[in-house]
Participant: 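What follows is a structure written as structure tokens; I'll ask about it next.
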Amino acid sequence: MTMTLDLASPATRPAVPPRVMPGGAVSPAAAEKPSLIGLSREGLGDALRSVDVPGKQVRMRTAQLWHWLYVRGAEDFGQMANVARDLRDRLDASFAIERPEIVEEQISVDGTRKWLFRFPARGAGRPVEIETVYIPEEGRGTLCVSSQVGCTLTCTFCHTGTQRLVRNLEPSEIVGQILAARSRLGDFPDAATPAGAIVPSEGRLVSNVVMMGMGEPLYNFDNVKQALAVASDGEGVSLSKRRITLSTSGVVPMIPRTGEEMGVMLAISLHAVRDDLRDVLVPINKKYPLEELLAACRAYPGLSNARRITFEYVMLKGINDSLADARELVRLLKGIPAKINLIPFNPWPGTAYECSDWDQIERFADHVNQAGYASPIRTPRGRDIFAACGQLKSESERMKKSERLAAAS
Ligand code: SAH
Ligand code: SF4
């Protein structure tokens with residue numbers, strides 16, 4: 001069952017008018033102007049110089065903009081009360097700070113929310129749509145963010161894997177998902193809060209971010225890195241890197257750089273303990289087999305008992321859920337500070353896989369647990385609105401060659 005908006009709930013204080021509107025219009029203005037969202041401080045400084053802000057003022061103006069965008073959640077230059085009117089107008093003429101358009105919002109009976117966000121066309125491309133999911137839990141709220149439109153990989157149990165890659169998301173579009181979700185949930189200080197107020201990280205509705213939406217984040221490394229640097233900046237959105245988790249299917253060459261350059265928590269989509277099976281379930285395994293993947297995990301910068309790697313393991317009936325698999329899993333991970341997330345398979349139309357029986361999942365979990373690993377069984381969230389792991393997909397398709405040529409001419 002799918003609920004529409006519950007406007008009575010305090011968590012839903014709408015910052016934009018409520019709407020569930022399949023096929024809304026795109027704002028053409030936003031499509032033409034480059035976005036200031038997701039830029040580094042240097043990038044923001046360059047943008048300010050380009051609208052003739054004197055060199056001496058650039059640092060101060062950068063700090064002001066950063067505060068308005070990431071602490072106050074400003075969606076309009078007009079809100080930036082301590083920025084001179086004339087500068088606001090110049091910025092507005094050259095740059096955008098719009099969030100993605102909310103094309104559709106669905107709320108599950110368990111409180112999970114899924115948004116279909118639309119980003120304006122870039123260059124000769126079309127507008128693209130992606131999904132972002134918010135999962136409220138006791139004491140925390142996790143936002144599941146997308147890194148690509150579609151995915152180049154074709155993991156056989158994943159719905160996103162059936163959608164071809166359309167394009168990588170830009171830093172503005174990755175950070176834009178976080179800002180849009182926080183606005184929509186009422187997670188920025190309201191207008192009555194004195195200027196300068198920082199929202200404490202305790203009690204925030206979006207307290208954690210997981211790069212587990214559509215796409216393979218390590219195939220969009222630079223943009224994801226820049227976006228996460230903005231999200232974890234202590235003077236802005238201010239999410240601790242310990243509350244940001246990046247999940248990869250196993251792009252081994254980028255794993256050391258993820259630790260060194262991003263410093264966020266790592267999750268590995270393991271799903272199989274033998275190369276022959278992993279080759280089928282997670283085909284990138286043919287390129288980077290288990291031995292290489294686990295060696296990269298063992299060497300992950302910053303790894304310790306306090307900073308463990310999460311191994312995700314989807315429970316597929318009769319495929320990877322035997323106790324022999326559980327034993328091999330324990331053997332493989334020996335010596336790696338790890339937590340094992342058992343994910344009951346979330347079905348989608350057309351899939352041939354089934355979720356393991358609950359008893360079997362529990363037996364598997366017990367075995368792993370007795371070997372000393374935390375092995376929580378992830379409660380499926382938002383299945384009724386197709387928001388659970390691996391169920392995300394959007395209708396965005398890559399342009400055909402003839403369309404690209406026509407658009408470019
Ligand atoms: N591309 C990245 C991140 C996105 S997928 C990755 O593969 O890690 C997020 C998690 O959901 C991954 O662990 C993925 O393997 C898992 N997943 C995909 N399809 C699923 C499904 N149908 N049921 C349960 N988990 C699924
Ligand atoms: Fe892509 Fe991850 Fe899905 Fe595999 S599981 S197809 S890498 S999104």
Side-chain angles (χ1 to χ4, degrees), residues 112 114 130-133 135 142-169 174 177 208-221 224 228 244-252 254-255 258 264-272 277-288 293 296-297 309-317 319-321 338-356 361 376-383 385-394 396:
T112 300
K114 182 171 80 169
I130 52 104
E131 295 188 316
T132 306
V133 177
I135 308 142
T142 303
L143 193 69
C144 180
V145 170
S146 292
S147 55
Q148 297 183 308
V149 187
C151 190
T152 43
L153 300 171
T154 51
C155 304
T156 44
F157 54 89
C158 174
H159 200 202
T160 311
T162 65
Q163 181 184 2
R164 286 189 306 177
L165 178 75
V166 180
R167 69 168 171 83
N168 284 336
L169 291 178
I174 298 169
Q177 294 172 62
N208 293 60
V209 161
V210 291
M211 295 303 301
M212 293 190 187
M214 295 163 60
E216 168 49 61
L218 296 190
Y219 275 166
N220 187 16
F221 187 90
V224 168
L228 295 185
I244 301 178
T245 302
L246 180 146
S247 175
T248 177
S249 57
V251 185
V252 168
M254 303 311 283
I255 289 178
T258 304
V264 295
M265 306 300 281
L266 182 67
I268 300 284
S269 295
L270 192 66
H271 308 315
L277 180 59
R278 197 162 187 273
D279 283 351
V280 176
L281 297 181
V282 188
I284 196 176
N285 193 69
K286 288 187 226 155
K287 210 162 169 186
Y288 308 116
L293 176 61
C297 291
I309 295 181
T310 300
F311 288 89
E312 295 155 287
Y313 197 92
V314 63
M315 298 300 295
L316 301 169
K317 187 174 185 166
I319 305 279
N320 64 355
D321 62 350
K339 169 179 150 190
I340 297 155
N341 253 348
L342 299 177
I343 317 176
F345 171 65
N346 294 307
W348 40 270
T351 181
Y353 295 110
E354 283 176 73
C355 183
S356 306
I361 301 181
I377 304 172
R378 212 192 277 168
T379 322
R381 299 290 304 262
R383 270 188 181 176
I385 56 165
F386 251 69
C389 296
Q391 292 186 312
L392 306 185
K393 182 173 177 175
S394 68
S396 294

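Here, residue 1 is the first one in the sequence, and each next residue gets the next number. Keep in mind that the numbers below use all heavy atoms, side chains included, and drop hydrogens, waters and symmetry copies. When a ligand or atom number is given, it counts from 1 through the structure's own listing order.
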Participant: Does ligand 1 have any atom sitting under 4.0 Å from a heavy atom of Cys151?
Facilitator: no
Participant: Please report which non-hydrogen protein atom sits nearest to atom 23 (N) of ligand 1, along with the residue it belongs to and the distance in Å to one decimal place.
Facilitator: Asn346 N, 2.9 Å
Participant: How far is atom 4 (C) of ligand 1 from the closest protein heavy atom, and which atom is that?
Facilitator: Gly213 O, 3.2 Å
Participant: Tell me the closest heavy-atom pair linking Ser247 and Pro217, and the distance in Å.
Facilitator: O-CG, 3.1 Å
Participant: Is it the case that the side chains of Thr248 and Glu216 hold a donor-acceptor pair, with the cut-off being a distance below 3.5 Å and no angle test?
Facilitator: yes
Participant: For atom 2 (Fe) of ligand 2, find the nearest protein heavy atom and state the residue, atom name and distance (0.1 Å precision).
Facilitator: Gly215 O, 4.5 Å
Participant: Does Ile361 offer a backbone N or O that forms a donor-acceptor pair with the side chain of Asp321 under 3.5 Å?
Facilitator: no
Participant: What protein heavy atom lies closest to atom 19 (N) of ligand 1? Include the residue and the distance to one decimal.
Facilitator: Gly390 CA, 3.0 Å
Participant: Kindly say whether Phe386 contributes a backbone atom to a donor-acceptor pair with the side chain of Lys114 at under 3.5 angstrom?
Facilitator: yes
Participant: Does only the side chain of Thr248 get under 4.0 Å from ligand 1, or the backbone, or both, or neither? Count heavy atoms.
Facilitator: backbone
Participant: Flag His159 as yes when one of its N or O atoms lies below 3.5 Å from any N or O atom of ligand 1, and as no otherwise.
Facilitator: no
Participant: For a 4.5 angstrom cut-off between non-hydrogen side-chain atoms, does Met211 reach Val264?
Facilitator: no
Participant: Is the shortest heavy-atom distance from the side chain of Ile174 to the side chain of Asn220 under 4.5 Å?
Facilitator: yes
Participant: Check whether any heavy atom of Tyr353 sits under 4.0 Å from an atom of ligand 1.
Facilitator: no
Participant: Which protein N, O or S atoms sit under 2.8 Å from atom 4 (Fe) of ligand 2?
Facilitator: Cys155 SG
Participant: Nearest to atom 2 (C) of ligand 1, what protein heavy atom do you find, and at what distance?
Facilitator: Ser247 O, 3.4 Å
Participant: With heavy atoms of Ile343 as the reference, note each atom of ligand 1 found under 4.0 Å away.
Facilitator: 24 (C), 25 (N)
Participant: Show me the donor-acceptor pairs, under 3.5 Å and distance only, between side chains in residues 342-349 and residues at least two apart or in other chains.
Facilitator:
from   : atom 1 : to     : atom 2 : distance (Å)
Asn346 : OD1    : Arg383 : NE     : 2.6
Asn346 : OD1    : Arg383 : NH2    : 3.2
Asn346 : ND2    : Cys389 : O      : 3.2
Trp348 : NE1    : Phe157 : O      : 2.8

Participant: Begin with the C-alpha distance, continue with both residues' side-chain angles, and end with the deciding distance and a verdict on side chain to side chain contact (heavy atoms under 4.5 Å, CB included) for Gln148 and Leu165.
Facilitator: CA-CA 7 Å; Gln148 297 183 308; Leu165 178 75; 3.7 Å; yes
Participant: Passes side chain to side chain contact (heavy atoms under 4.5 Å, CB included), Tyr219 versus Leu153? Steps please.
Facilitator: CA-CA 10 Å; Tyr219 275 166; Leu153 300 171; 3.9 Å; yes
Participant: Any idea which atoms of ligand 1 are less than 4.0 Å away from a heavy-atom of Phe345?
Facilitator: 21 (C), 22 (N), 23 (N)
Participant: So, for Leu281 and Ala272, which heavy atoms are closest and what is the spacing to 0.1 Å?
Facilitator: CD1-CB, 4.2 Å
Participant: Take Tyr288 and Ile255 through the test side chain to side chain contact (heavy atoms under 4.5 Å, CB included) and record every step on the way to the result.
Facilitator: CA-CA 12 Å; Tyr288 308 116; Ile255 289 178; over 6 Å; no
Participant: Can you confirm, on distance only, whether ligand 1 has an N/O atom lying under 3.5 Å from any N/O atom belonging to Phe157?
Facilitator: yes
Participant: Ser146 and Ile130: which non-hydrogen atoms are nearest, and at how many Å?
Facilitator: CB-CD1, 4.2 Å
Participant: Within ligand 1, which atoms have a heavy atom of Cys158 less than 4.0 Å away?
Facilitator: 18 (C), 19 (N)
Participant: Where is the nearest protein heavy atom to atom 11 (O) of ligand 1: which residue, which atom, and how far?
Facilitator: Cys389 CB, 3.5 Å
Participant: Output yes when a side-chain donor or acceptor of Thr156 lies under 3.5 Å from a complementary backbone atom of Val280, and no otherwise.
Facilitator: yes
Participant: Looking only at protein heavy atoms, which one is nearest to atom 13 (O) of ligand 1, and how far off is it?
Facilitator: Ser269 OG, 2.7 Å
Participant: So if I count the atoms of ligand 1 from 1 in the order they appear, which ones are less than 4.0 Å from some heavy atom of Trp348?
Facilitator: 22 (N)
Participant: Applying a heavy-atom cut-off of 4.0 Å, say which part of Glu312 lies close to ligand 1: side chain, backbone, both or neither.
Facilitator: side chain
Participant: Checking the N or O distance criterion of under 3.5 Å, is ligand 1 in contact with Gly215?
Facilitator: yes
Participant: Which atom pair, heavy atoms only, marks the closest approach of Val252 to Ala296?
Facilitator: CG1-CB, 4.0 Å
Participant: For atom 15 (O) of ligand 1, what is the closest protein heavy atom, and at what distance to 0.1 Å?
Facilitator: His271 NE2, 2.6 Å
Participant: Tell me, with the steps shown, if Leu277 and Ile319 meet side chain to side chain contact (heavy atoms under 4.5 Å, CB included).
Facilitator: CA-CA 8 Å; Leu277 180 59; Ile319 305 279; 3.8 Å; yes
Participant: Of the protein's non-hydrogen atoms, which lies at the shortest distance from atom 9 (C) of ligand 1, and what is that distance?
Facilitator: Met212 O, 3.5 Å
Participant: I need the atoms of ligand 1 closer than 4.0 Å to a non-hydrogen atom of Val314, numbered in the order shown.
Facilitator: 23 (N), 24 (C), 25 (N)
Participant: Under a 3.5 Å distance rule, please check whether Tyr313 uses its side chain to pair with a backbone N or O of Asn320 as donor and acceptor.
Facilitator: yes
